[in-house]
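Below, chain A is the first sequence line, B the second, and so on; all start at residue 1.
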Protein chains: 4
Amino acid sequence: MLKDKAPTSGSRQKTLRVRKSEATRKRILDAAAILFGDQGYTATTLRQIAKRARIDAGSIYYYFASKEEILDEVMEIGIRSVSEAVEQAVGELPPESSHRRRLEVAVETHMYTLLRYSAYTSANIAIFAQVSRKAQDRNRLLRKRYAAFWNDIFEAAQDAGEISATADLSLVRLFLLGSVNWSMQWYDPKKKNSIDELAHSFCTMLFDGIGPK
Amino acid sequence: MLKDKAPTSGSRQKTLRVRKSEATRKRILDAAAILFGDQGYTATTLRQIAKRARIDAGSIYYYFASKEEILDEVMEIGIRSVSEAVEQAVGELPPESSHRRRLEVAVETHMYTLLRYSAYTSANIAIFAQVSRKAQDRNRLLRKRYAAFWNDIFEAAQDAGEISATADLSLVRLFLLGSVNWSMQWYDPKKKNSIDELAHSFCTMLFDGIGPK
Amino acid sequence: MLKDKAPTSGSRQKTLRVRKSEATRKRILDAAAILFGDQGYTATTLRQIAKRARIDAGSIYYYFASKEEILDEVMEIGIRSVSEAVEQAVGELPPESSHRRRLEVAVETHMYTLLRYSAYTSANIAIFAQVSRKAQDRNRLLRKRYAAFWNDIFEAAQDAGEISATADLSLVRLFLLGSVNWSMQWYDPKKKNSIDELAHSFCTMLFDGIGPK
Amino acid sequence: MLKDKAPTSGSRQKTLRVRKSEATRKRILDAAAILFGDQGYTATTLRQIAKRARIDAGSIYYYFASKEEILDEVMEIGIRSVSEAVEQAVGELPPESSHRRRLEVAVETHMYTLLRYSAYTSANIAIFAQVSRKAQDRNRLLRKRYAAFWNDIFEAAQDAGEISATADLSLVRLFLLGSVNWSMQWYDPKKKNSIDELAHSFCTMLFDGIGPK
DNA sequence: AATGAATGAGCGTTCATTCAT
DNA sequence: TATGAATGAACGCTCATTCAT
């Protein structure tokens, strides 16, 4: 019994250390995500990241081999975050939900992640177009998978007759997600519209149109 | 009159010089617009701009006081370009045109300017979110004016009964222009969709919705 | 006549500027040669070079693309300096000079260049073994040419019977130039031996041996 | 005695620990010697040394107070190694051996240690000129002693009439050891010349000269 | 006896900017 | 009108070193 204690204490210490180490790593990533999203990748300096993460600039290299490696990880987490959140939210819907409802929840969750929950997702959406082709390529597979998930929802809706049979689904996706992602540029959390309302309005406009009845 | 008819040799030289000077200035701005749009503001160096404009990096300061001044001018031209193009295109429509038609032309022209015609407009849309608050503010008035123009179109359409009376026009604008501006991120001039078709599809989805009839 | 003056003055100015520019470039190289020779390539910082050249560290990059480019040029000048000095000195000897005399002059000039005249040559000899293989390779052709020059002298001497027919000339060269280059490690300009005497002693030992007569 | 016969389990552990500790220490020094010799002192990082010694970079400080302390020890071992090897080899010669033979053996052993056996000696010879004056000074006494040993051999040879009475022995030493040490720069273990032959050739050239008989 | 985490100074290099000409 | 030369601050990154465990 007594004997057992020491090793346990030892492994507990190790665990604590590992946790602390991972906490530092996360602080760096968090800081980077916020700054990348705000100022862009190039405009963000490692010293800014370090300051925000409350460590010395040099220490970053204990965790990451280069600024670009931080970028990659931020971008990856960014897509994974939305993907997982959206897939989970949609997956949790009662099976009898309408496809329109599924889409609404998807939009809502995507917007919520983008605008509120994940600095990583905002960063990804905000800087993707301006990082190097190579960095883009490293993120592309995940993006494709996420896009495929949306296409699946749209197709199911069309098959079920909830979307007009003549609609070009790829275009619909670009149309809807364009508006949704662009909201990042004007959404002000301090102002009126709740994200839920916004998502609902977007879906209503998309499904029913704004023309007269 | 006199001036035009028989300019002294001296003033002709001056005119030529002024013209040359302005041509150089334009070359600098053109270069900056393209590079800012491609790589972002921070990632673009004055030496890159100078190289593209075929002058010496130091010479830029003969025309501009700072990199930021170039940014301001690029951004301003960016908004002015779309504004003018769109307002002109809409203004040239026959008075009896439907409001929906007016909107379609507005979208078409905006997209055309953004995706094809003006590197300034692409740069503006691409980098606005990531330049300093101050630089954004310096561009804000023009943006507001342009937004007001769109609102006018929407209001007229609503007044004429072409848009449902219950639609929140501000939101409609954000929804539509979001998709439109976002197209910059995925539009590939080498691929199928013509800009005209794209604009038309977007308007159709917006007005008629994608739901079943 | 009068007309001619202005352009002349212009080109004179240009010439002056070019000269000043080249003077700065040379100051950088001179500083680098001395420091590389004293401390080694890695241990020498660009800031040290800049300080010695009386410019700002950043300015070095107006003249050189990298520290390694400075290294290359220092190394190249180092070999060229000895090569040219030695070849010229030997070439200026009266044609009837003995081959032993030619060798003595070659040794003398090589040592003089190495120990007194050229910081570039000392640097080259001092750091060659410790720079990257690539940097070595970039210097190798010039070294081979210089070695070939020495071989020619030795062969001529052997053909003329001034060197024993059985001597392995490559080994003789390595033996002699080894001693000569190594002198860099112990030669103290403040102490007794003049370089001329040193060179003479070395040649005498090599030709006549130190064994009893 | 007692200790050796029946060491307590505690002391045996201590002995093992001490041995392990010294083994680690040696691994660090070995690694440092090789790397210093290959790349120079400044170009070698503690992390490279640690990697080669298969320990963590921070752990080096358990054994050495600083990088410079490692340098000192490497340099000291470097000179001690040749000194001891050469003195022993010469000491083991039959008393009736000629002085020329003694010198030949000394040269042979010095070269063998430098070129084959001891990374410490190569490091010492390779980097001495480029470490700080202080580090040089800390090595100087040992070097002087080693030089004195050579001088003794030369003097004995001269006294015995095997070296011309007029030869300047200090210069002879510098001449010979210069060639010998310089061999480090060109000797290629993969190529023809055995070290023994090389040493013999050098001595023959030195004693008999290369001039015609 | 050894490690993992962190530091901070300094490195090679870049960049917007200045200024004499 | 424009350039070539230079600056100096800051950048991404490396390194010897420290220290709690």
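Both Ala65(A) and Gly58(B) lie near DNA chain F, and the one whose nearest nucleotide falls closer to the 5' end is Gly58(B). Remark on DNA chain E: of its neighbouring residues Asp56(A) and Gln48(C), the 5'-side contact belongs to Asp56(A), judged by nearest-heavy-atom nucleotide. For the pair Leu46(C) and Lys67(B), both in contact range of DNA chain E, the more 5′-proximal nearest nucleotide belongs to Leu46(C). Two residues, Ser59(A) and Ser66(D), neighbour DNA chain F, and the one matched to the more 5' nucleotide by heavy-atom proximity is Ser59(A).
Taking the side chain of Ser21(B) as heavy atoms from C-beta on, and the options dT1(F), dA5(F), dA1(E), the nearest nucleotide is dT1(F). Listed nucleotides: dT18(E), dT17(F), dC13(F). Nearest to the side chain of Arg47(D): dT17(F).
Rounded to an integer number of Å, the gap from CZ of Phe36(C) to C1' of dG12(E) is 12 Å. Spacing between atom NZ of Lys20(A) and atom C1' of dC19(F) amounts to 11 Å, rounded to whole angstrom units. Between the P atom of dC13(F) and the CD1 atom of Ile28(A) lies a distance of 13 Å, rounded to the nearest Å. Atom CZ in Phe64(D) sits about 13 Å away from atom P in dA1(E), given to the nearest Å. A straight line from CD of Gln39(D) to P of dC15(F) spans 10 Å, rounded to a whole angstrom. For the pair Lys51(A) NZ and dT7(E) P, the interatomic distance rounds to 15 Å; values are reported in whole Å. Distance Ile70(A) CD1 to dG12(F) P: 10 Å, rounded to the nearest Å. The nearest whole Å value for the distance from the CD atom in Glu69(B) to the C1' atom in dT17(E) is 13 Å.
Taking only side-chain nitrogens and oxygens, Tyr61(C) never comes nearer than 4.0 Å to OP1 or OP2 of dT14(E).
When side chains are defined from C-beta on, Arg47(B) does not count as touching Arg52(B), because their heavy atoms never get closer than 4.5 Å.
Comment: Glu73(A) engages Arg25(A) in a salt bridge, judged by a side-chain N to carboxylate O separation of less than 4.0 angstrom.
Within 4.0 Å (heavy atoms only), Thr44(A) reaches sugar-phosphate atoms of the nucleic acid but no base atom. Here Ile60(C) lies out of heavy-atom contact (under 4.0 Å) with every strand. Thr45(B) comes within 4.0 angstrom of the backbone, heavy atoms only, and of no base.
In this structure, dA16(E) and dT7(F) make a Watson-Crick or G-U wobble pair, each of the two defining distances being under 3.5 angstrom. The partner of dA1(E) cannot be assigned: no Watson-Crick or G-U wobble pair with both contacts below 3.5 Å exists in any strand.
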Worksheet entry | Intermediate values then yes/no, side-chain contact (heavy atoms from CB on, under 4.5 Å), Phe36(D) and Ile49(D) | CA-CA 9 Å; Phe36(D) 288 168; Ile49(D) 296 174; 4.1 Å; yes
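Contact record, Gln48(D) with Ala43(D): OE1-O, 3.7 Å, taken as the closest heavy-atom pair.
Between Leu71(B) and the options Asn139(B), Val131(B), Thr44(B), a side-chain contact (heavy atoms from CB on, under 4.5 Å) holds for only Val131(B).
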